[in-house]
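For reference, the structure discussed in these notes is given below.
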Protein chains: 2
Amino acid sequence: MSFYTKTYAQRAEAHPSPAAKQLLETIERKKSNLCVSVDVTRKADFLAVIDFVGPFVCLVKTHIDIIEDFDHDLVEQLQVLSKKHDFLIFEDRKFADIGNTVSLQYSSGVHKIASWSHITNAHPVPGPSVITGLASVGKPLGRGLLLLAEMSTKGSLAVGSYTEEAVKMARANKDFVIGFIAQRRMDGVGLADGEEDADFLILTPGVGLDTKGDGMGQQYRTPRQVIVESGCDVIIVGRGIYGNPKALDRDSVRSQAERYMKEGWNAYLERIGKNNQTS
Amino acid sequence: MSFYTKTYAQRAEAHPSPAAKQLLETIERKKSNLCVSVDVTRKADFLAVIDFVGPFVCLVKTHIDIIEDFDHDLVEQLQVLSKKHDFLIFEDRKFADIGNTVSLQYSSGVHKIASWSHITNAHPVPGPSVITGLASVGKPLGRGLLLLAEMSTKGSLAVGSYTEEAVKMARANKDFVIGFIAQRRMDGVGLADGEEDADFLILTPGVGLDTKGDGMGQQYRTPRQVIVESGCDVIIVGRGIYGNPKALDRDSVRSQAERYMKEGWNAYLERIGKNNQTS
């Protein structure tokens, strides 16, 4: 039985990583495979969007380094919201440096990402040392790492053998790497003869219901395309849900989040063969 | 006449980018192709190292996001040191996201990198939109961008066609991309028939005189190997110069910086065929 047709609950039960297990259990409990990407630059907007979408998401994706008035209180409030609404936090830092540097970037500085972000990600381009460096900080804290095996932008170089190498690196570090940022399932990619595959989570950005692109190289697909056709596990949606951060409307943000949550969950039910029980 | 044998002064004169011109002129004026990478986590150490090495460098490379007690005053003091010692600043941010995100990461957040860093860098893995996003912020400020065409770590995926695509992306954006982080000259790489090459600066990390590696995947070569054999333009040296940041010794830091500066400059003189005039 492939991971494609297993339920989130079955995968949670069998998963060796505490971070992956936590995420899969949250997805199952909330019946949401929706991750909202909160790309706003003011603390008040950031916390408002998260409080609005909180009930509908399994995961909140942050770019903490774009927030102008970041402070320690923001992290505390984010953690309060994470408990209140039962979601995990994913800092989308895209670490991409040598081991020594990423270990400092992850643990230190103003942002101290490892102290509050359950999940983070890295580009595999530096080679395995990027994983080793991050694992030295994150593993003792029970954190999980996603590798960027593919990107949704035009002309991305994360293709072909690059993607294959990323998956191999993940398999060699499956005590810390819990999955991929990618556009499709990676089961079997770069797998050696007789080698057993691991259950990697696939988180997929570039998901939208109403638009095709952002004019800056980002391309969009629907939740159904992503979850059913491509076998991804979590859909990542940003401005499609909260719109213009300068004109946040609570009801419209909540209803968009709910809409994406339902679309994502129905796609999942269709994938595991239970779509007749829905809606 | 290839860029390999041209002097820094000749290249400065002909270069279309204000940031590249500024760097080449600084190199020529100070007779230093040394960039010191200041990877320390405390503001006081950061400023002390930079003040010590300042007279010997053309460029200071920072990881602003590892500094625990970063504040606005740090940026002001860094800019004062940049004027006092006549060097440029290169924030080694390794941007690697979609265009909209990198433009915010570059301009905004706590660190406001574009406001003080003459040069920054990016991984080409997202495709050309990473350049477009950064250029929208940096070009109006006269900033320059380096692409990571190669990395010095074991198992790096920045090889072969990845490197070629990086160079092609740079040629298509040479009003903003001034060169590469790489291990060798990129002249002619991925060049189409009849296409004219551009003068890209090559900045090379992983340079050390006394050690072979750091145990976390970083590998080292000498200034001569890098400048003469591989045709690179600027050597990047870190802990080899300032040692343990908790036990900074002014005289030893200065003498190491001077040592690397001389080694780098002599290698350059050998490369342009003037090594008989030195020492």
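Proteins come first, then strands; the chains are lettered A, B, ... in the order of their sequence lines, and each starts at number 1.
Taking every heavy atom of both residues into account, B/Ser129 and A/Thr153 meet most closely at OG-CG2, 3.7 Å. Closest non-hydrogen pair, A/Lys154 versus B/Pro128, comes out as O-CD, 3.6 Å.
The NE2 atom of B/His63 sits 4.0 Å away from atom OG1 of A/Thr101, with the distance rounded to the nearest 0.5 Å. For the atom pair A/Ile98 CD1 and B/Asp39 CG, the distance stands at 7.0 Å (nearest 0.5 Å). One finds the OG atom of B/Ser156 at 11.0 Å from the CD atom of A/Glu165 (value rounded to the nearest 0.5 Å). A/Asp97 CG to B/Leu148 CG: the interatomic distance, rounded to the nearest 0.5 Å, is 8.0 Å. Separating the OG1 atom in B/Thr163 from the CG atom in A/Leu157 is a distance of 9.5 Å, to the nearest 0.5 Å.
Taking the six-membered ring where tryptophan is involved, the planes of B/His123 and A/His123 are tilted, since the angle between them lies from 30° to 60°.
The choice from B/Arg93, B/Arg42, B/Lys112 that makes the most heavy-atom pairs within less than 4.5 Å of chain A is B/Arg93. When A/Gly127, A/Gly109, A/Ser108, A/Ala96 are compared by the number of non-hydrogen pairs under 4.5 Å with chain B, A/Gly109 comes out ahead. The candidate with the highest count of non-hydrogen atom pairs below 4.5 Å against chain A, out of B/Gly238, B/Pro126, B/Gly155, B/Gly160, is B/Pro126.
Proximity to chain B (any heavy atom under 4.5 Å) is shown, for A/Asp92, by both the backbone and the side chain. With a threshold of 4.5 angstrom between heavy atoms, A/Leu104 approaches chain B through its backbone and through its side chain.
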Run the numbers on B/Val125 and A/Lys94 for side-chain contact (heavy atoms from CB on, under 4.5 Å), then give the verdict.
-> CA-CA 11 Å; B/Val125 61; A/Lys94 296 186 171 65; over 6 Å; no
